Amino acid sequence: MGYVIGYSLAALCALVCAVVTYGRKNRMGVITGTMFMAAAAVNLSYLARIDADTYFTASMSTSIYFVCLDILVLTAVCYVVEFTQPKLAVMKHKRQFYLALAVLVLADAACLIFNIFHEISLRYQFHEDSMYAVSYMYEERTAFYFHMGLVCLLAGLAILILIYKTISIPKIYRARYRNCLLWMITVMTLVMMYMTGILRFPVDVAVLVYGFGCPFVYRNTFDYSSKSMLNTTRKMILEYMGTPMILFDYEGYVADSNKDMRDLFPVLNNREHGISMIDFIQIGAFRELQNTSTDQVFEWENPKETGPRVYHCDFSCLRDERGHCIGNLLILKSKEVERDMLTHLYSRNSFYSSLEKAVSSGSYPVTVVVCNTNGIGLVNDVYGWARGNKMLKKAADLLREHLPGEAVLARLEDGDMAAGLIEAEQEYAIRLFENIREQYRQDNDTGINTDLEYGIAVIRDGSKSIEEAVREAGQSMRTKKLMNQSSRKSSLLDSLTQTLTESDYETEEHVERTKEMATRLGRALNLSDVELGKLALLAVLHDIGKIAIPHTILCKPGKLTDAEWEIMKTHTEKGYRIASASKELHPIGEFILHHHERWDGGGYPGGLAKEEIPLLSRIITVVDSHDVMVHDRPYHKAMSHEAAVEELRRCSGAQFDPHLVDVFLEVLEEQKVS
């Protein structure tokens, strides 16, 4: 009767766990529930075997028991694979792996069922004086060794997977896999000890472990993360959250503190001597903290050299459900060194406060660089956010690695990264960021065209604020993004330039040449990075208004009539309206409007003269006119270089700014020499 109760309860325990597990209605629940059902079947079939009183029932129940054992071990392997998700090569073909194991189990099951009538696996004998509970004992035959080998193979495979998982992950996460491993090893040990006769029990106690162990497996599988890991997770969060925290117990002594607080107050590292809250307040000189029985918020100036200078302090009384104080918590939030969680760069506020110190001390020039990545959106779409975040962190690491140690780095609210270089000129910043940009391209292994774009603004005196410099550098960066093929923002520019080349005789080569020469001339004139970005964009889109001019006028090979010429001249105003309608193009709208003004005031549409004409418009006038001269057009043949230079000199002071002509000719000469 004791055997009946024991194995019945074990089977019932497994069945209840199976029902609860199936109720989770997910893949892991189905696989684990099936394993529990197999454990219940093993207990019931084993109970039938030890209670057999005829040759046939002994043969049938024993074969069913071994078949159920096959199924249990197979489902155990499936459970372990799903539970551990091992990063093994064979797991890439998980379905084929499961199918191969199932075929082996079915072959073994067929032999065991066939054995009932032909004894190919087991032979039964009646032992009236046996000390074991089973009157009908069996003798192993050849096919039975296949069964035992298969069971050992599957059990060993599950154990090896658990061992691999346990040693391949950080120690803090090993406990749940180690628990499962110890459970399986215990079961296997009991089975082997029973089969070899070391354990002289009348029944196989390992079968009971199959059933009664199901609640342990269930808890270890589904409840472990939310319960057993909770304290560890909380400790990790407090230890590495980057904010100093200290906890005092009910009696007013230090109960716990995190790494940041211990770095700020090294006395907390000595835990042998209890430190009271009153002593700690005196050590830290928290003069604003007057009453320890109420919640308070105050600012604290750190008198030590360790850590930031100013902290925002939050002192709280921890209370139970009855409102009784059970302890106190002090949190120090730095007003200067707040960090972004992803890149670990400083926050916007920290960036501004650090640069304000440099500006207030007169450490000019202060060069502000704002940068962002191109192509991350596509990386997120193809590979997922984790890969995109990895590339963002890589960009931040490159900034820390290649910029001077005194550089101030931050991640702004809109995702841009900023760098403040103290006593540094624009040219120096360009060299640094071109090097960072090249390294970022080399480290890209996604197969997707990604890039790092940047914009620069320089503060030379108190007339420009840090906020203005950040805004100016950000505008320059976004302007450049329009022309970067790896940026999604470039789609607007691509669309407009494609429309322009289809409408006019302008070619992509002309646009590219104009942009390159305009940028060279701008650098020769020592334009700021912001102006250079606008100039490059203007070089591409200065004639965008021509998309609204009739094609017959644009491509007319002969001379235009007066009426046609009046229509043609409206392309500057039309281009201005197109640019003004776009947030991205608005900064170059005025330059588009005036790029056909003349130095002598005879141009259109405003008849502006000399310095009244915006500088970037004057630059484009010179560069565009030269490129038209030296390349074929439907209405004229290309001039020689010498003839074009002579024409520029002739029109200098009339159509063109004479100073720009002189500098441009120097640029052309340098290009010719190189």
Side-chain angles (χ1 to χ4, degrees), residues 1-23 32-76 79 105 108-109 112-113 115-117 119 121-140 144 147-148 151 155 183-219:
M1 181 59 69
Y3 298 139
V4 173
I5 294 174
Y7 287 100
S8 296
L9 288 176
L12 179 61
C13 182
L15 284 172
V16 171
C17 289
V19 171
V20 174
T21 307
Y22 280 132
T32 309
T34 304
M35 181 176 69
F36 292 162
M37 289 293 291
V42 167
N43 275 271
L44 292 174
S45 59
Y46 188 75
L47 178 60
R49 173 176 174 262
I50 63 177
D51 199 38
D53 57 0
T54 66
Y55 181 90
F56 179 75
T57 56
S59 175
M60 182 176 66
S61 58
T62 303
S63 292
I64 293 175
Y65 163 69
F66 284 124
V67 170
C68 292
L69 193 61
D70 277 349
I71 297 173
L72 175 60
V73 180
L74 174 63
T75 54
Y79 160 79
V105 168
D108 185 50
L112 289 167
I113 296 299
N115 179 79
I116 297 174
F117 304 101
E119 294 188 339
S121 297
L122 301 167
R123 181 175 183 274
Y124 300 92
Q125 293 180 334
F126 184 78
H127 292 263
E128 185 176 6
D129 58 345
S130 173
M131 65 174 289
Y132 296 98
V134 183
S135 297
Y136 284 93
M137 306 300 294
Y138 62 83
E139 295 178 355
E140 297 90 348
F144 184 71
H147 163 78
M148 292 304 301
V151 171
W183 176 73
M184 296 197 79
I185 290 177
T186 300
V187 171
M188 286 295 296
T189 302
L190 289 173
V191 171
M192 298 304 296
M193 292 177 69
Y194 172 74
M195 293 188 65
T196 56
I198 296 177
L199 287 179
R200 304 295 292 177
F201 289 119
V203 292
D204 187 354
V205 294
V207 178
L208 291 171
V209 179
Y210 300 153
F212 289 126
C214 290
F216 170 78
V217 175
Y218 178 90
R219 183 179 180 277

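Computation of the quantities below employed the complete heavy-atom set of this structure, encompassing side-chain atoms and omitting hydrogens, waters and symmetry-equivalent molecules. Note that this is a predicted model, so its numbers are computed, not measured.
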Legend entry - Contact check, side chains of Phe36 and Val217, non-hydrogen atoms, under 4.5 Å: yes
Between Asp70 and Val105, the two heavy atoms sitting closest are CB-CG1, 3.8 Å
Give a yes or no answer on whether the side chain of Thr62 reaches the backbone of Ser59 with a donor-acceptor pair at less than 3.5 Å.
no
Rounding to 0.5 Å, atoms CD1 (Ile198) and CG (Leu190) come to a distance of 11.0 Å
Under 3.5 Å, sequence neighbours excluded: what are the donor-acceptor pairs made by side chains of residues 205-213?
none

So CH2 of Trp183 and SG of Cys214: to nearest 0.5 Å the spacing works out to 6.5 Å
Contacts of Ala109 meeting side chain to side chain contact (heavy atoms under 4.5 Å, CB included) (sequence neighbours excluded), chain-then-number -> Val67
Tell me, yes or no, whether the heavy-atom count around Met184 atom CE, taken from other residues, nucleotides or ligands under 6.0 Å, exceeds 12.
-> yes
With sequence neighbours left out, the residues meeting side chain to side chain contact (heavy atoms under 4.5 Å, CB included) with Phe56 are Thr54, Met60, Ile116, Phe117
Under 3.5 Å, which donor-acceptor pairs link side chains of residues 9-17 to any protein atom two or more places apart or in another chain?
none

Rounded to the nearest 0.5 Å, the CZ atom of Phe66 sits from the CG atom of Asp108 at a distance of 10.0 Å
For Met192, the side chain to side chain contact (heavy atoms under 4.5 Å, CB included) test, sequence neighbours excluded, returns none
Side chain to side chain contact (heavy atoms under 4.5 Å, CB included) filter on Thr75, not counting sequence neighbours, yields Thr34, Met35, Ala38, Ile71, Leu72
